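Heads up: the structure comes next, in structure tokens.
Please read these numbers as outputs of a predicted model, since none were measured by experiment. Positions are given from 1, in the same order as the sequence printed here. Values below: all heavy atoms of this structure, side chains included; hydrogens, waters and symmetry mates excluded.
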Amino acid sequence: MKKLSFVIPCYCSEKSIKQVVDDIIKTVENDGRYTYEIICVNDYSEDDTYSVLRDLAHNSKIKVLNMAKNFGQHSALMAGFNEVTGDIVVCLDDDGQNPPSEMFRLIDKLEEGYDLVSAKYKNKKHSLFRKFGSKVSFFMSTHLVGMPKGIELNSYCVCRRFVIDEVIKYKNAYPFVHGLMLRATRNVANVYIDHQDRSYGQSGYTFKKLLGLWMNGFTAFSEKPLRLATYVGAVNIAIALFWSVILIIQFAVGISLNYSLFIAINVVLFLTGELMFFVGLLGEYIGRMYICINNAPQYVIKEKINVDKKEEE
């Protein structure tokens, strides 16, 4: 009998995580085709999430990892991936928006021969801010990481064990899980799933956290942003040369340069800002390389529950 490994990053979900876990257990046991384990990773929640997880861990099939500080969703996923023992890995959120009752629509699609299957939503029940963040992540995965056209990768997904075994080979800081998955396989499919309203609270993703996630994808998996700087620089040089010719012609025919100089100053300010942006982007690449060279950890686990020494080894 095959085994399912559920990996759930948990952050400030004391009022929702129990229902999510209960729904997983009920759905898997009613189906009867698989055994299971549930790995909940507490990403340094500011509420009593860890206390709830400790109570849930009275069921030996529920493993709990308690992070020493907040490392972010993707680092929490990496921590959980390093503990999976199942044949199929299921990733989902802790807020109830990814209905566990729909999991076998994804799993059955995977069994058709795919390596990775992700939920796709017709109508996401997110704020406008989160929807914008999702669009940026989708653009990044498509154009920078090389995701197949027409495919979406969301937090609710299932994959074969070999994909996770490849993902956890990445030991550096700043993991971007979707990019790591697409490094392992392009045999990907989508299944439409209804996106639920949050059962409690608000998303833990702030603009700062989303920006950090975007930078992980930009700098860890593609050199295209740097190549873009070269293209933009070439275009700007062409524009500057063209504008210089215009100014010379105006001066030759005696046209007043006051208006032209005003425009020229604005162009210079724009180009200077653009230059500083790309210098900053280059700095991000160099800074992250420096941090990785210094072996900054992806995550630090403070406590483990129901993870025996044999599995750790």
- Would you confirm whether Arg105, through its side chain, and Ala119, through its main-chain N or O, come within 3.5 Å as a donor-acceptor pair?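 Pair absent, no side-chain N/O of Arg105 close to backbone of Ala119.
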- Please confirm whether the backbone N or O of Asp95 pairs with a side-chain atom of Asp93, one donor and one acceptor, at under 3.5 Å? no
- Query: Do NZ/NE/NH1/NH2 and the carboxylate oxygens of Glu166 and Arg183 come within less than 4.0 Å?
  - Reply: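 Between Arg183 and Glu166 there is no salt bridge, as every charged N stays at least 4.0 Å from the carboxylate O atoms.
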- Test: Arg33 and Asp108 ion pair at under 4.0 Å: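 Salt bridge flag = yes for Asp108 with Arg33.
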- Message: Can you confirm if the NZ or CZ of Lys122 lies within 45° of the ring axis of Tyr192 and under 6.0 Å from the centre of its six-membered ring?
- Response: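 Flagged: Lys122 positioned over aromatic ring of Tyr192.
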How about [X] and [Y]: do any of their side-chain heavy atoms sit closer than 4.5 Å?
| X | Y | result |
| --- | --- | --- |
| Ile164 | Ile168 | yes |
| Asn82 | Tyr299 | yes |
| Met103 | Asp31 | no |
| Tyr156 | Gln97 | no |
| Leu56 | Val64 | no |
| Asp23 | Pro99 | no |
| Val177 | Leu153 | no |
| Asn187 | Arg160 | no |

- Task: Could you list the residues that satisfy side chain to side chain donor-acceptor pair (under 3.5 Å) with Lys26, not counting sequence neighbours?
- Result: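 For Lys26, no residue satisfies side chain to side chain donor-acceptor pair (under 3.5 Å) once neighbours in sequence are set aside.
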- Parallel, tilted or perpendicular: ring planes of His178 versus His74, cut at 30 and 60 degrees: perpendicular
- Message: By the ring-ring contact (aromatic ring centres under 6.0 Å, His included) test, which pairs, at least two apart or in different chains, include something from residues 26-69?
- Response: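 Sorted result for residues 26-69: Tyr34-Phe104.
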- Message: Would you say Glu303 and Asn42 are linked by a side-chain donor-acceptor pair, where the criterion is simply a distance under 3.5 Å?
- Response: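 Side chains of Asn42 and Glu303: no pair found under 3.5 Å.
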- Message: Checking Tyr121 against Asn98: is there a side-chain donor and acceptor pair closer than 3.5 Å?
- Response: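 Yes.
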- Task: Carefully, step by step, assess Val117 and Leu106 under the rule side chain to side chain contact (heavy atoms under 4.5 Å, CB included).
- Result: CA-CA 6 Å; Val117 177; Leu106 301 175; 3.9 Å; yes
- Item | Residue that, paired with Asp43, satisfies side-chain contact (heavy atoms from CB on, under 4.5 Å) out of Met67, Lys69, Gln73 |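 Exactly one pass, corresponding to Met67.
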- Test salt bridge (Lys or Arg N to Asp or Glu O under 4.0 Å) applied to Glu111 and Lys2, step by step: CA-CA 12 Å; Glu111 296 288 21; Lys2 288 186 177 180; 3.4 Å; yes
- Query: What's the verdict on side chain to side chain contact (heavy atoms under 4.5 Å, CB included) for Leu65 and Ile39, showing C-alpha distance, side-chain angles and the deciding distance?
  - Reply: CA-CA 8 Å; Leu65 307 178; Ile39 303 171; 4.3 Å; yes
- Sequence-distant partners of Asp22, side-chain contact (heavy atoms from CB on, under 4.5 Å), two or more places apart: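 side-chain contact (heavy atoms from CB on, under 4.5 Å) check on Asp22 returns Lys18.
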